Amino acid sequence: MAVAGGIGVITFREPIRCVLSLVVVMIALSVLFLLLSAQFVFVAQIIVYAGAVMVLFLFVIALLGPARESARGRLRFQPWLAGLFAVVFLVLAWTMLQGVQYRQPDVADLNVFGTVQWIGIELFTRYLYPFELTSILLLVAAIGAIYLSRKVDSREGGPSGEGLRPADGTGGDLPPPVDR
Amino acid sequence: MTLTIIWLTPLIGGVLIAFMPPHWSKLMAAITAIFTLGIAAAVALTFDPSAHSYQFTEEIPWIPQYAIFYRLGVDGISIWLVVLNALLTVIAVLATPVSMRNANRFLGLILAMGSGLAGVFMAIDLVLFYVFWEAMLIPAYFLLWLFGEGERPGRAAVKFVLYTLAGSLLMLVGVIGEYVATGQHTFDLATLATIPPSPAIQFGLFFVFALAFAIKTPLFPFHSWLPDAYLAAPTPMLITFAGVMGKAGAYGFLRIAIPLFPNPVLWWDWRWVIPVLAVAAIIWGALMAIAQRDMKLLVAYSSVSHMGFIVLGIFALNVQGQQGAVLQMVNHGIIVPALFLMVAWIADRAGTRDRSALGGLGARMPVMAGLFIVVVLAALGLPGLNSFVGEFMTLLGAWQRTPVLAVLGAIGLVLAPVYMLRLFQGTMQGEPVIRKPMTDIETGQLALLTPLILLMFVLGLYPNVLTQLMSALGQAGLAR
Amino acid sequence: MSTLNIGGSQLDSSWFLLLGAILFTLGTAGVLIRRNPLVILICIELMLNAVNLTLITFSRQLQNPEGQLFALMVMTVAAAEAVVGLAILVDIFRVRDVEDVDDLSELKG
Amino acid sequence: MTLLLATDITYSWGQAVSDLSQIAPIAALTGFLLFAIVTDLALPKSRRGDAVAMVAAVGYVLSLAVAVYRWNYATGGPAYKGYATGDTFALFFEIMFAVLGILTVAISHPYLKRRGMLEGEFHILILATVIGMMVLASATSLVTVFLGLELLSIALYIACGFARGETRSQEAAAKYLLIGGFASAFVVYGMALIYGGSGTTVIPEIATRLQTSSSGNSLILLGIVLMGVGFAFKVSAAPFHMWTPDVYQGAPIPVTAFMSVGTKAAAFAMIIRVFAGGLPHLAPEWQALLAFVAATSMIVGNLMAITQSSLKRLLAYSGVAQAGYVLIGVIAGGQSGLAAVLFYLFVYMFMNFGAFAVVTLLAGPDGDRDRLSDLNGLYQRNPLMAILMTVFMLSLAGFPPFVGFFGKLFLFTAGVSAGYTWLVVVAVLMSVVSVYYYVRVLIPVWSATTRTDKLETSASSTMAIAISGALSLVLGLYPTTLLIAGQLGIPSSVFGP
Amino acid sequence: MNTGQLALLLLLLPAAGALLLAGRGWRMPRIVTKIVGPGVVWASFIVTLALFIGKASGDITYFTWIKSGSFVVPFNLLVDNLSIFMCLVITGVGGLIVTYAVGYMAKEDDPSYSRFFTYMDVFIFSMLLLVLAGNFVFLIVGWAMVGLSSYFLIGFWYHRRSAVLAARKAFVMNVIGDVGMILGAFVLFTTYHAITYAGVFQKITNPNYCPPNAICTLSLRIATDSPTLELAAFLLLVGAIAKSAQLPLHTWLPDAMEGPTPVSALIHAATMVTAGVYLVGRMHPIYDLAVYAHAAVAIVGAVTALFAASIAIVQTDIKRVLAYSTMSQIGYMFLAVGIGAYSAGFFHLMSHAFFKALLFMAAGNVIHAMNDEQDMRKYGGLLKQLPRTSWSFLIGAVSLVGIIPFAGFFSKEQILGAAFSKPDDTLALIVWGIGFVTALITGFYTGRMWWMSFAGKPSPDRPVEHPHEAPSVMLIPVFVLAALATIGGLIQTRALGFGPQAVSDFLSSAVGVQPWEGGIADVIVSIITMILAGLLFLAAYRLYVTRAWKPWSSRFPRFQTLLERKYYFDEIYNAAFVRPMDAAAEFGLRDIEQPLIDGVVVTTGVATEASASGLSLTQSGYFRNYVLVFLAGACIAAILILVRASS
């Protein structure tokens with residue numbers, strides 16, 4: 001099912017369907033996470049990922065208009081070469097992942113393994129530092145997103161309305177902007 | 001400290017002068033250069049001929065992690081090149097017309113180049129040597145490019161720099177390789193000379209070093225940058241550029257390639273390849289000079305031939321040959337500037353550099369003709385003038401190595417009068433071609449030329465003044 | 001909790017790993033083939049998911065928490081990347097409609 | 001259950017303080033990041049830009065001071081359960097990044113003014129990037145490495161697109177983001193495999209475990225490949241370099257200048273941490289990988305730089321080539337090799353940043369002017385800048401007595417001593433090519449022009465560029481101190497002798 | 001003053017004179033030039049006389065010139081009877097000729113006038129240095145410097161293209177000789193580790209010395225011949241040949257007649273060209289041992305003598321006739337020293353200096369009177385109008401032909417006699433035969449020259465109808481030489497088997513005594529030779545004046561053209577050396593230097609640039625290309641690692 005979803009992601013022409021099939025993949029994976037006794041991750045996957053992020057995607061797509069990918073673009077040979085290398089890469093990975101001798105597992109109590117409290121405790125003791133880092137990361141991402149998506153008002157005399165005349169942007173040696 | 005002054009003075013002076021108002025710059029540059037010459041001369045006079053090792057040595061730890069020291073010193077070989085360099089710098093400065101555009105920058109660069117050359121001749125630490133070796137390319141490049149003659153001086157400059165770099169960067173690998181291969185982790189030339197690496201490694205190292213030096217000298221067939229560069233170079237620059245920089249390559253052979261790699265033998269002995277190339281250079285340079293109509297190019301190729309003699313003498317690997325080579329370095333350093341100067345002056349007056357389009361100028365400028373014949377005769381190695389002794393000794397050395405080399409080299413002696421006399425007679429003798437009136441040599445030009453010509457006679461009549469101080473060569477274990 | 005006791009058995013773990021590899025490759029291929037920048041972004045998400053699967057598998061197999069937490073971090077990062085990416089794309093779409101990433105070929109040479 | 005969990009909850013204040021002190025520079029900078037955000041929100045639009053710039057500058061100075069203090073008086077060690085450290089290696093880079101931050105503020109502020117993009121976010125983003133770099137340098141766990149990498153990248157994606165509505169800037173941002181995400185997926189996948197093979201993400205742990213058991217070796221191998229690819233992407237080494245010229249050209253010049261130096265350095269810190277620090281026993285493998293990458297980088301970078309007419313692109317390709325040179329040092333390894341790398345990265349900061357900074361001055365209100373022809377007659381319009389540009393180019397080309405030469409000398413010495421002579425030969429031959437295009441930059445600088453207007457420069461930019469130029473010369477004449485610092489920056493406790 | 005100072009003085013006087021006249025000397029009134037020019041030569045003649053009378057001798061070292069390891073060159077002068085003898089000839093005859101030149105060059109303008117005498121003094125100095133030098137290096141120095149001064153003097157009228165070319169030709173050929181000598185010196189130095197005459201000869205003649213590369217068993221511990229010695233002797237011979245215009249390096253001498261006549265008289269007749277003879281004589285310790293080289297000397301001399309004489313028959317330019325006769329006479333000298341009759345050779349050197357200088361100067365007078373017309377066919381009938389010149393010319397002529405009692409007879413016949421009477425030596429006999437034939441031809445062409453120029457009636461196209469006799473400053477030296485040519489031979493009459501032999505006695509200390517004695521037979525042969533030569537001299541009258549017999553050339557036209565083209569030597573040399581050299585140079589420049597040696601460099605650059613632009617196509621700007629390359633790189637890396645791990 002996950003594989004099917006993945007194939008769907010890369011084959012559907014409409015972005016929407018790609019997103020949906022990605023959701024499919026995620027849900028499938030989340031189930032696997034549960035099997036692998038990672039409850040919290042399971043939950044997070046369902047809620048945050050399949051939920052929030054994907055919805056965000058859908059919004060953007062809706063905002064930008066669900067343009068079907070035109071049948072033929074540039075770079076004819078691209079798909080074939082891409083496929084070729086992908087296969088090569090998969091084969092390599094496969095051969096390397098075959099016959100892996102695993103390490104002996106450290107003994108851990110499977111009862112607590114992966115539970116929410118346990119995760120929480122780990123997160124705020126041993127993983128304090130990475131946790132803080134993620135917070136900074138998100139903060140920065142937020143600021144960036146805000147900056148980028150902020151309506152540029154002409155008062156700042158900054159990049160106001162430059163969108164209307166991209167050609168001026170770089171000292172006047174641009175090719176004309178790509179037209180639809 | 002003395003030696004440091006010798007290279008530091010022109011450098012600082014040059015930097016200052018480059019930002020001075022042009023009309024002062026020449027005076028200041030002259031003062032700087034003459035001061036330097038004075039110091040160099042003082043060193044030469046207080047030099048102790050009986051000493052067997054480097055003198056006036058200075059040693060300061062520079063990059064101790066890699067055992068790189070700031071080591072300076074002179075011996076019987078380098079002292080002469082240092083003095084020559086200082087002298088020619090003075091003449092180059094004096095030969096610079098004040099009217100030239102950006103004369104101050106020009107003079108500054110000239111001084112900087114002189115400083116770099118002085119450093120090359122005085123450095124006795126391999127890395128320091130390399131630093132000077134490449135640093136002097138920078139002023140040379142700018143001189144060629146910003147002040148060059150001809151339609152595309154930039155091209156000649158780039159060609160020169162890239163070609164030289166191709167060699168010297170490989171030499172950098174050699175420097176590092178020597179440092180690693182000897183296992184002693186030192187860059188001190190004196191020490192390195194006592195611990196040659198294994199022949200197989202020597203084989204490779206010698207190759208890279210010799211390549212760099214061969215390109216710089218230049219040695220046949222690595223000389224193709226020379227015509228372009230010399231053609232593009234302004235005359236005052238040529239005085240040091242042709243007069244000294246070429247010697248740096250030969251000096252490198254003598255100071256580094258031979259002592260550090262006494263037997264670079266694997267399936268093939270480099271010490272036989274170089275002299276063969278040298279002989280080829282002698283003959284080839286002479287032939288090319290014969291074929292040239294442009295006087296400047298003719299002189300350029302003649303200097304290829306003469307450098308051939310020098311390298312031949314060095315690789316005679318015996319005292320006569322190498323002392324002759326050093327002697328010849330000095331001689332050529334005196335003769336070639338004079339040649340270029342006079343050719344330039346004649347071309348200025350006649351309006352062309354094509355020797356076949358000239359003729360009969362001797363009647364119009366008798367003094368010029370007289371001096372010109374002296375220089376020409378010195379160039380073709382007439383006894384009684386300086387070049388003869390050098391060529392005689394180099395050939396003697398070559399003969400002792402193997403007669404064939406000397407015999408083939410002697411062909412150069414026979415060809416020299418052909419092109420040199422064609423140069424002189426084509427310009428000065430025969431029926432006058434150009435009718436317009438021409439002035440004779442000016443006093444200032446005469447003053448420039450006088451020291452050179454005097455030196456030609458002095459060294460020609462009493463060469464021992466040089467050879468007696470070169471006893472170091474015999475003792476430095478150079479001649480193996 | 002873990003009633004279906006499959007953890008730790010070699011076969012299964014490597015099965016999970018191979019699934020991860022396949023998904024990762026699919027994502028890669030998607031990035032290479034698709035032309036819509038949004039879809040490319042989605043494919044990258046797919047790759048990251050594959051990684052998550054791998055991480056969790058190891059975490060379970062080694063019975064070592066780091067994997068899961070790493071997976072969480074990756075998730076967060078993926079989210080952040082998605083946000084920023086979408087923002088940038090939106091900014092671009094303000095100026096011009098780019099349904100083919102190859103339209104972004106003004107810089108070349 | 002609670003009992004079981006209770007065992008873990010012991011995190012004393014003392015522990016907290018010592019941990020924090022280990023990452024003091026980062027902490028300080030983070031504090032200023034928050035302060036800057038607040039300032040940006042609090043102040044009215046008109047004053048934001050200057051204020052935030054000021055805050056950022058102070059922050060950099062402070063963290064620089066802290067880092068220097070710790071370098072002199074403090075001892076490094078694991079912090080946060082071994083997820084971060086404040087050892088000299090980290091400190092070396094933290095100092096470097098702080099300096100870089102200062103320089104960036106110095107040149108970017110006037111630039112933003114001129115382009116009318118004077119907004120607080122810029123400095124905030126740069127601050128975040130610097131933090132990311134520092135995190136990367138001080139990270140001792142794959143997790144933190146990954147997070148630092150992402151922090152740095154994400155901030156940079158936005159910074160590249162900072163010139164809003166400017167198509168090139170946008171394109172740069174988009175390309176960088178997409179391919180960057182792609183690459184980081186590779187990295188994290190590789191990390192996952194390493195984790196699987198070693199059972200931990202703490203780098204010193206990995207080293208010890210893999211030393212004892214060679215189990216899961218094929219996992220480790222694949223992990224090395226994937227991570228190596230990702231790292232090579234970050235140092236913009238061929239054949240993973242292709243984003244570099246486009247992004248460098250599209251991004252606003254201060255960003256380009258900043259990332260061309262900072263990202264590279266941070267990525268090298270990461271490579272050394274993970275490979276030299278974490279996988280010393282698989283050295284042959286990753287050395288082979290890096291050797292391949294280094295050779296291609298030097299060849300491709302130097303060759304492609306020849307034909308460029310845009311100075312940004314030219315410097316981008318030269319950056320690719322320089323990455324190749326530095327990789328030689330990494331491959332050679334050992335204290336001398338890695339010290340050479342640190343030395344070179346530090347001086348490269350001044351050379352390359354300076355060069356870009358000069359281009360920054362050329363920018364007009366409507367955009368960057370980075371074509372070679374825009375440099376025409378620089379020596380008439382501003383002699384000082386012309387001379388400094390010459391210094392930077394000659395130094396990059398590796399002419400003595402400028403520092404670039406000594407950097408290369410040390411790198412190549414390490415390479416030859418380690419037996420990678422063929423790589424060094426490739427390097428020197430390609431350096432000959434490089435001289436050609438570095439000199440090509442000088443030709444317009446020193447050729448006469450008709451335009452008579454002087455090129456006016458703000459005090460801060462002039463200061464920054466002049467300092468860079470001076471250091472490019474002085475560090476060449478006296479490299480010893482910095483070299484010692486570099487050697488101290490490679491604690492044998494972390495990287496072995 | 002002791003010998004050393006005298007020798008130095010002798011050497012420095014002309015140098016001082018040259019320096020005085022050189023440069024801007026002509027700013028002084030011309031009289032100064034007139035006095036200084038010849039004055040210094042006469043002064044050094046007096047010094048030489050002082051040495052001669054003082055029976056001075058010695059090898060004086062003044063200072064060390066070069067010191068380089070074992071290669072130590074002192075500046076030393078060797079004063080012995082040979083060098084004094086040469087100095088006498090040089091300064092004596094030289095003095096006369098320079099004096100003559102005072103008149104001859106009168107029509108030159110001031111600068112050229114003083115320039116001429118500068119050159120002359122330089123030449124005298126160089127020649128003296130050559131003969132006084134005590135070691136090989138300074139021998140070579142002098143050797144090259146006489147070449148230089150001859151270059152200057154041949155090209156004296158530098159606006160004449162022909163003169164310039166002739167000068168260059170002479171210089172280059174002389175340089176070839178110099179190179180030969182340099183190499184010879186190398187051989188001697190490397191073999192005997194000495195560079196002074198004394199050192200070398202002492203080791204050569206010392207029976208206990210064994211050169212490193214020769215085999216000396218106990219049995220032959222005597223001074224012996226060796227390949228190296230032969231090599232050295234041959235190389236030195238090259239120098240001698242080039243300087244003395246012997247075959248095959250002779251072609252420069254006829255062209256050298258482009259120079260002013262006094263130059264021809266001094267340099268190309270009396271002194272410089274005889275330097276080769278001096279060299280062989282000076283090196284006689286070597287040649288006495290190196291038998292093959294020695295024989296080569298004789299053969300070269302004999303062949304040249306015949307060769308040159310035969311060409312002289314058909315020349316019409318009076319100076320060229322004299323030039324060829326000079327070659328042939330020097331051939332005699334070579335022949336003499338070649339068979340070991342050194343003193344005879346030097347005796348002929350002296351007398352030849354007398355009569356050949358006489359001939360040249362008389363010819364100079366004629367040319368002077370004929371407005372520089374040198375073609376004999378345009379003379380004729382000068383005997384009446386220029387009696388003094390004509391008679392002195394006749395004296396020179398008969399002396400050249402070798403009519404008793406003129407100097408030429410005694411010297412030449414002594415050589416022929418020595419060759420004829422040398423015991424059990426077929427080579428000597430052969431060269432005698434050649435010499436004999438040459439003597440007859442000499443009689444013929446001398447007669448032709450004299451009769452054509454002076455006898456008969458004036459030729460219709462004579463430039464000057466009523467020529468005037470030369471001024472006395474030009475006549476007196478002619479008379480002096482005429483006297484010398486007449487009676488000079490009487491100091492050594494060995495050719496007649498009796499009488500004094502001053503020269504041989506004088507030189508015996510330097511070149512040894514001729515080991516064999518001639519008998520009555522060769523006296524008779526000598527007489528016969530003389531008579532036949534004389535008859536041929538007269539025969540020329542009927543041939544060229546009265547035209548009683550039709551000219552021989554009409555019988556052998558092809559042979560005549562062969563002679564007129566001088567056996568095509570110039571053509572051959574042009575085809576064999578000059579043009580190939582130029583062609584090689586041109587070819588090398590056009591087809592090797594530019595396309596190959598420079599081409600490689602340029603091409604490298606171009607190729608690099610091309611590859612660069614090729615590569616930059618990959619930077620297509622398409623994101624997906626980048627990712628593709630990225631993935632490809634990843635695959636390559638993975639394969640690399642797999643291979644590495646598996647191996």
Side-chain angles (χ1 to χ4, degrees), chain A residues 92-93 95-106 109 111-112 115 117-118 120-122 124-134 136-137 139-141 143-148 150 152-153 155-174 177-178, chain D residues 1-2 4-5 8-11 19 23 30 33 37 45 79-81 83-84 115-119 121 124-125 128 131 135 141 143-144 147-148 150-151 154-155 157-158 161-169 196-199 209 213 215-216 218-219 221-222 225 364 366-369 371 374:
Chain A
L92 286 168
T95 46
M96 281 193 168
L97 291 179
Q98 286 296 351
V100 175
Q101 325 93 327
Y102 296 93
R103 301 180 55 80
Q104 285 314 315
D106 340 350
D109 182 346
N111 298 324
V112 293
T115 57
Q117 303 92 325
W118 179 78
I121 289 159
E122 289 282 339
F124 287 100
T125 57
R126 189 185 300 172
Y127 289 84
L128 183 60
Y129 180 57
F131 182 71
E132 296 303 337
L133 289 180
T134 46
I136 300 176
L137 185 67
L139 180 61
V140 171
I143 292 174
I146 292 166
Y147 170 73
L148 286 176
R150 179 176 6 145
V152 284
D153 49 358
R155 261 200 307 103
E156 287 179 12
S160 59
E162 276 186 359
L164 303 179
R165 41 181 180 81
D168 297 359
T170 53
D173 60 341
L174 287 188
V178 186
Chain D
M1 178 178 279
T2 44
L4 281 170
L5 299 176
D8 271 327
I9 318 168
T10 52
Y11 189 60
D19 285 352
I23 60 161
T30 316
L33 172 68
I37 296 170
K45 275 200 175 311
Y80 296 107
K81 303 257 189 310
Y83 277 65
R115 303 253 352 234
M117 299 192 304
L118 193 53
E119 301 181 48
E121 283 87 351
I124 294 174
L125 290 172
I131 292 172
V135 168
S141 147
V143 181
T144 34
L147 287 172
E150 284 305 317
L151 179 52
I154 287 180
Y157 300 151
I158 305 161
F162 197 81
R164 298 192 47 203
E166 187 180 305
T167 48
R168 292 189 161 203
S169 183
S198 65
R209 294 204 190 180
S213 77
S215 72
S218 66
L219 279 181
L221 288 185
L222 188 54
V225 172
D366 52 354
D368 299 342
R369 300 229 178 81
R371 283 163 310 162
D374 294 328

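Numbers restart at 1 for each chain; the letters A, B, ... are given by sequence-line order, proteins then strands. Nothing here was measured: the structure is a model prediction, and the numbers come from that model. Just so it is clear, the values below take in all heavy atoms, side chains as well, and ignore hydrogens, waters and symmetry mates.
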- Note on the structure: All heavy atoms of D/Leu222 vs all of A/Ala93, minimum pair found to be CD2-CA, 3.9 Å
- Note on the structure: Nearest heavy-atom approach of D/Ala155 to A/Val140 is CB-CG1, 4.1 Å
- What part of A/Ile143 is in contact with chain D, defined as an atom under 4.5 angstrom from a non-hydrogen atom: side chain, backbone, both or neither? side chain
Please report the interatomic distance [atom1]([X]) to [atom2]([Y]), rounded to the nearest 0.5 Å.
X: A/Leu137; Y: D/Ile131; atom1: CG; atom2: CD1; result: 11.5 Å
X: A/Leu92; Y: D/Leu221; atom1: CG; atom2: CG; result: 12.0 Å
X: A/Leu139; Y: D/Ile37; atom1: CG; atom2: CD1; result: 4.0 Å
X: D/Ile158; Y: A/Ile146; atom1: CD1; atom2: CD1; result: 10.0 Å

Does any backbone or side-chain atom of [X] lie under 4.5 Å from a heavy atom of chain A? Answer side chain, backbone, both or neither.
X: D/Thr30; value: side chain
X: D/Val135; value: both
X: D/Leu151; value: both

- Query: In chain order, what residues pass the side chain to side chain contact (heavy atoms under 4.5 Å, CB included) check against D/Ser169, with sequence neighbours excluded?
  - Reply: D/Ala163, D/Glu166, D/Pro252
- Message: Please enumerate all residues that pass side chain to side chain contact (heavy atoms under 4.5 Å, CB included) together with D/Ile23, with sequence neighbours excluded.
- Response: A/Tyr129, D/Leu20, D/Ile26, D/Tyr80, D/Ala84
